[in-house]
A.B. asks: 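What follows is a single structure, and I will ask about it in a moment.
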Amino acid sequence: MGYDTNAVELRKDRAQEIANMLSIPIWSCDFLKFESEKKFDILTMGDIIEHVTNPKLALEKAYSLLKEDGVLWLSTPNYNSAFTQIMKFRDAMWKEPEHISYFHFKGLESLANDVGFVIQEYQVSKRYNGSMELILTKKSHTS
């Protein structure tokens with residue numbers, strides 16, 4: 001599709017496996033410690049933010065890596081979703097031992113705004129019951 005793709009993966013064995021499979025550079029490191037002179041047009045954080053101990057730092061890191069008109073696509077379980085409300089603790093997302101942080105739309109919106117993002121689009125995930133997908137952009141300096 002013409003993208004110059006880079007990736008960060010915490011697990012070294014997975015990073016190498018994915019790099020070999022996709023023929024793209026993958027840095028094996030903690031995302032918060034990833035350094036790059038390059039600024040990016042698009043970052044994706046697919047089901048990542050619920051696994052970090054400090055979600056605000058993760059969003060600040062993403063913000064710092066984006067160009068001024070850059071876009072962040074983010075997905076995460078929505079613990080206030082209709083699915084989760086109906087399923088309660090039968091929802092598999094509650095049983096995931098690596099989930100550290102829990103989000104609902106308003107809380108994530110507030111956190112994103114604090115960092116300097118504006119939510120451009122919100123939708124219920126078509127892939128995972130009870131999850132949300134968001135498109136965020138940097139706030140304009142003229143706002």
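Both backbone and side-chain heavy atoms feed into the values below; hydrogens, waters and symmetry mates do not.
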A.B. asks: Compute both the distance and the angle, then confirm whether Lys138 meets the cation-pi test with Tyr63: under 6.0 Å from the six-membered ring centre, within 45 degrees of the axis.
C.D. replies: yes
A.B. asks: Just to verify, which of Val8, Ile18, Thr5 counts as forming a side-chain contact (heavy atoms from CB on, under 4.5 Å) with Ile26?
C.D. replies: Ile18
A.B. asks: Is any side-chain N of the basic residue among Lys126 and Glu133 closer than 4.0 Å to the acidic one's carboxylate O?
C.D. replies: no
A.B. asks: Rounded to the nearest 0.5 Å, how far apart are NE2 of His104 and OG1 of Thr84?
C.D. replies: 12.5 Å
A.B. asks: Are Phe83 and Asn78 packed together at the side-chain level, in the sense that at least one heavy-atom pair is separated by less than 4.5 angstrom?
C.D. replies: no
A.B. asks: Kindly indicate whether the side chain of Asn6, heavy atoms from C-beta on, has any atom under 4.5 Å from the side chain of Phe40.
C.D. replies: yes
A.B. asks: Check the pair Leu59 / Ile49 against side chain to side chain contact (heavy atoms under 4.5 Å, CB included), numbers first and verdict last.
C.D. replies: CA-CA 8 Å; Leu59 287 178; Ile49 199 162; 3.8 Å; yes
A.B. asks: Between Lys39 and Leu65, is any pair of side-chain heavy atoms under 4.5 Å apart?
C.D. replies: no
A.B. asks: Are Phe105 and Asn80 packed together at the side-chain level, in the sense that at least one heavy-atom pair is separated by less than 4.5 angstrom?
C.D. replies: no
A.B. asks: Closest heavy-atom contact between Trp73 and Gly46?
C.D. replies: CZ3-CA, 3.6 Å
A.B. asks: Regarding Lys12 and Glu17, does a basic nitrogen lie under 4.0 Å from an acidic carboxylate oxygen?
C.D. replies: no
A.B. asks: If we only count heavy atoms from C-beta on, is the Ser75 to Leu134 side-chain gap below 4.5 Å?
C.D. replies: no
A.B. asks: Let me see the working for Asp41 and Tyr3 under side chain to side chain contact (heavy atoms under 4.5 Å, CB included), right down to the final yes or no.
C.D. replies: CA-CA 10 Å; Asp41 295 306; Tyr3 290 103; over 6 Å; no
A.B. asks: Does Lys61 offer a backbone N or O that forms a donor-acceptor pair with the side chain of Ser64 under 3.5 Å?
C.D. replies: yes
A.B. asks: Is any side-chain heavy atom of Tyr122 closer than 4.5 Å to a side-chain heavy atom of Glu109?
C.D. replies: no
A.B. asks: Any ion pair linking Asp4 and Lys38 (charged N to carboxylate O, less than 4.0 Å)?
C.D. replies: yes
A.B. asks: Begin from the C-alpha positions of Leu10 and Asp30 and carry the test side chain to side chain contact (heavy atoms under 4.5 Å, CB included) through to its verdict.
C.D. replies: CA-CA 5 Å; Leu10 183 60; Asp30 182 321; 4.3 Å; yes
A.B. asks: Under a plain distance cut-off of 3.5 Å, with no hydrogens placed, do Ser101 and Glu50 share a side-chain donor-acceptor pair?
C.D. replies: no
A.B. asks: What are the two closest heavy atoms between Ala15 and Glu9, and how far apart are they?
C.D. replies: N-CG, 3.6 Å
A.B. asks: Is it the case that Gln16 and Asn20 place a side-chain donor and acceptor less than 3.5 Å from each other?
C.D. replies: yes
A.B. asks: Specify the closest pair of heavy atoms between Met45 and Ala58, including all atoms of both residues, with the distance to one decimal.
C.D. replies: CE-CB, 4.2 Å
A.B. asks: Would you give the length of the straight line joining atom CD of Gln123 to atom CE of Met132, rounded to the nearest 0.5 angstrom?
C.D. replies: 12.5 Å
A.B. asks: Any chance you could lay out the salt bridge (Lys or Arg N to Asp or Glu O under 4.0 Å) test for Lys139 and Glu68, step after step, and finish with the verdict?
C.D. replies: CA-CA 9 Å; Lys139 285 182 186 170; Glu68 279 306 310; over 6 Å; no
A.B. asks: Any non-hydrogen side-chain atom of Leu136 less than 4.5 Å from a side-chain atom of Leu74?
C.D. replies: yes
A.B. asks: Would you say Leu43 and Leu66 make side-chain contact, with heavy atoms under 4.5 Å?
C.D. replies: yes
A.B. asks: Does Arg90 use its side chain to pair, donor to acceptor, with the backbone of Met87 at less than 3.5 Å?
C.D. replies: yes
A.B. asks: List the steps and the verdict of side chain to side chain contact (heavy atoms under 4.5 Å, CB included) for Thr76 and Leu108.
C.D. replies: CA-CA 10 Å; Thr76 189; Leu108 189 54; 3.9 Å; yes
A.B. asks: Is it true that the side chains of Thr137 and Gln120 contain a donor and an acceptor less than 3.5 Å apart?
C.D. replies: yes
A.B. asks: Could you see if Tyr79 belongs to whatever hydrophobic cluster contains Phe89? Use Ile, Leu, Val, Met, Phe, Trp, Tyr and a side-chain cutoff under 4.5 Å.
C.D. replies: yes
A.B. asks: Tell me whether Ile86 is reachable from Tyr102 by hopping between hydrophobic residues (I, L, V, M, F, W, Y) whose side-chain heavy atoms are closer than 4.5 Å.
C.D. replies: no
